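Input: a single structure, listed below in structure tokens.
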Number of protein chains: 2
Amino acid sequence: MGHLLCQVMNLDDDAVFRALADPTRRRLLDLLFMRNGQSLGELKEEFEMSRFGVMKHLKVLVEADLVTTRRSGRATLHFLNPVPIRLVHDRWIDKYTEPRVAALTDLKASLERHEEQSS
Amino acid sequence: MGHLLCQVMNLDDDAVFRALADPTRRRLLDLLFMRNGQSLGELKEEFEMSRFGVMKHLKVLVEADLVTTRRSGRATLHFLNPVPIRLVHDRWIDKYTEPRVAALTDLKASLERHEEQSS
DNA sequence: TTGACATGTGACTAATGGGTCACCTATTGT
DNA sequence: ACAATAGGTGACCCATTAGTCACATGTCAA
């Protein structure tokens with residue numbers, strides 16, 4: 001399929017999973033999940049690491065299609081792409097068990113919210 | 001929360017993602033997704049690797065709570081636990097964007113099914 | 001155009017993780 | 001008890017990767 005979809009749909013599984021394996025990269029995704037479209041300069045402030053380290057991690061995320069970029073002047077803005085994440089989900093959770101698993105994780109989230117309030 | 005839920009609910013993020021980073025371990029999850037409750041002996045037949053290699057990978061999956069075990073005689077049976085996978089999903093896909101992303105990945109799966117038929 | 005700023009590249013070192021093997025434990029059947 | 005089978009442990013070697021730095025490119029504003 002040589003469509004537009006290919007730009008959004010990741011094909012290389014291995015790149016995605018290796019990208020997610022590092023805590024720094026997961027934190028980068030968290031930061032973009034909170035506020036999309038941040039530049040390298042903004043993102044690097046959140047880490048102890050050198051600028052080069054953060055840049056290297058961003059490159060891995062981009063090559064895995066977990067993050068897309070758009071240049072704006074001298075800054076490069078970064079955007080989170082949720083599609084590869086969903087494909088991970090679909091690989092091991094079929095449509096029939098999904099509602100039950102979702103109910104469990106929702107319950108967990110609910111319990112953790114109550115814990116926050118009471119502490 | 002010191003409940004039964006804790007046995008099903010993974011807590012250590014890092015272990016899950018590092019476990020998923022290896023293609024052999026993902027294949028092991030695929031095999032258990034197809035037929036749950038297989039022993040090491042059965043699983044190792046699917047790989048070129050030595051028994052020790054496969055065992056090491058299974059251990060990583062168990063420590064990440066992606067796989068649970070139950071002894072049955074001299075065999076140890078392995079079961080896929082989908083909960084940590086769902087938690088990965090929930091981390092970066094909020095409830096509002098989920099339907100749209102799911103629609104996209106369903107479309108992708110549908111297109112790939114048609115490709116299989118016509119080839 | 002010049003200086004300041006933001007991002008990008010290639011090489012290098014230290015640490016992590018995959019794979020194997022010699023050796024050990026536990027269970028089954030005869 | 002004994003042999004055969006299934007699973008488990010620790011140390012080891014090799015490949016990969018995280019992190020850093022010197023250096024290079026591209027952009028804005030005066």
Side-chain angles (χ1 to χ4, degrees), chain A residues 12-32 35-81 84, chain B residues 10 12-32 35-81 84 88:
Chain A
D12 184 3
D13 284 11
D14 203 52
V16 174
F17 289 105
R18 278 189 294 106
L20 292 174
D22 186 275
T24 303
R25 290 194 286 266
R26 293 195 297 273
R27 180 123 173 274
L28 281 167
L29 294 182
D30 290 337
L31 291 169
L32 293 178
R35 186 163 66 85
N36 223 354
Q38 296 190 60
S39 70
L40 171 59
E42 293 172 297
L43 292 168
K44 79 158 200 283
E45 296 303 319
E46 303 292 323
F47 299 88
E48 303 294 303
M49 207 180 312
S50 77
R51 180 176 60 89
F52 308 99
V54 177
M55 187 166 30
K56 216 168 179 180
H57 284 300
L58 278 172
K59 189 185 175 190
V60 175
L61 289 169
V62 169
E63 282 172 354
D65 261 351
L66 283 161
V67 164
T68 59
T69 61
R70 189 174 68 230
R71 286 213 72 140
S72 163
R74 46 188 166 182
T76 301
L77 306 182
H78 299 80
F79 300 87
L80 174 61
N81 177 19
Chain B
N10 177 277
D12 183 4
D13 284 12
D14 203 52
V16 174
F17 289 105
R18 278 190 294 106
L20 292 174
D22 186 274
T24 302
R25 291 195 285 268
R26 293 196 297 273
R27 181 123 173 274
L28 280 166
L29 293 182
D30 290 337
L31 290 168
L32 293 177
R35 186 162 67 84
N36 223 356
Q38 296 191 62
S39 70
L40 170 60
E42 293 173 297
L43 291 167
K44 78 158 202 282
E45 295 303 320
E46 303 291 323
F47 299 88
E48 303 295 304
M49 208 179 310
S50 77
R51 179 174 62 90
F52 308 99
V54 178
M55 188 167 27
K56 215 167 179 181
H57 284 301
L58 279 172
K59 189 184 176 192
V60 175
L61 289 170
V62 169
E63 282 171 354
D65 261 352
L66 284 160
V67 164
T68 60
T69 61
R70 188 174 70 230
R71 285 213 72 142
S72 162
R74 47 188 165 183
T76 301
L77 307 182
H78 299 80
F79 301 87
L80 174 61
N81 177 20
V88 172

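Just so we're on the same page: letters track the sequence lines, and every chain starts at 1. In what follows, every heavy atom counts, from backbone to side chain, and hydrogens, waters and symmetry copies are set aside. All values reported here derive from a predicted model rather than from experimental measurement.
Taking the side chain as every heavy atom from C-beta outward, A:Val54 and A:Thr24 never approach each other to under 4.5 Å. With a 4.5 Å cut-off on side-chain heavy atoms, B:Leu66 and B:Val16 count as touching. Side-chain contact check for B:Arg51 versus B:Leu40: some heavy-atom pair is nearer than 4.5 Å.
Here B:Leu31 contributes atom CG and B:Arg27 contributes atom CZ; the two are 5.5 Å apart, rounded to the nearest 0.5 Å. The OG1 atom of A:Thr76 sits 11.0 Å away from the CZ atom of A:Arg70 when rounded to the nearest 0.5 Å. Interatomic distance, B:Asn36 CG to B:His78 NE2, rounded to the nearest 0.5 Å: 11.0 Å.
Residue B:Arg70 contributes atom CZ, which lies 17 Å from atom C1' of D:dG7 at whole-angstrom precision. When the C1' atom of D:dT17 is taken as reference, atom CE of A:Met55 falls 17 Å away, rounded to whole Å. Remark: C1' of C:dA6 and CG of A:Leu43 are 13 Å apart, rounded to the nearest angstrom. The interatomic distance linking B:Leu20 (CG) with C:dG17 (P) rounds to 14 Å, in whole Å. To the nearest angstrom, C1' of C:dG19 lies 12 Å from CZ of B:Arg25. The NZ atom of A:Lys44 sits 10 Å away from the C1' atom of C:dC5 (whole-angstrom rounding). A straight line from NZ of B:Lys59 to P of D:dG7 spans 16 Å, rounded to a whole angstrom. Put simply, CZ on B:Arg26 is 14 Å from C1' on C:dG18, counting in whole angstrom units.
Under 4.0 angstrom from either OP1 or OP2 of C:dG19 there lies at least one side-chain N or O belonging to B:His57. For the pair A:Thr76 and C:dG8, the criterion of a side-chain N or O lying under 4.0 Å from OP1 or OP2 is met.
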Exercise. Let me have a per-nucleotide readout for nucleotides 20-30 of chain C, 5' to 3', with B, S or -, counting only protein heavy atoms under 4.0 Å.
Key: BBB----BB--
Mind listing the side-chain donor-acceptor pairs of residues 42-50 of chain B below 3.5 Å, one per line with the distance, residues two or more places apart or on another chain?
unit_1  : atom_1 : unit_2  : atom_2 : d
B:Glu42 : OE1    : B:Ser39 : N      : 2.9
B:Glu42 : OE1    : B:Ser39 : OG     : 3.4
B:Glu42 : OE2    : B:Arg35 : NH2    : 3.3
B:Ser50 : OG     : B:Phe52 : N      : 3.4
B:Ser50 : OG     : B:Gly53 : N      : 3.3

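The C1' atoms of five pairs define one axis at each end of the helix from C:dT1-D:dA30 to C:dT30-D:dA1, and these two axes lie 40° apart (to 10°).
Under a 3.5 Å cut-off, the side chain of B:Arg26 and the backbone N or O of B:Leu20 do form a donor-acceptor pair.
Screening B:Asn81, B:Leu28, B:Leu32 for a side-chain contact (heavy atoms from CB on, under 4.5 Å) with B:Val67, the sole residue that qualifies is B:Leu32.
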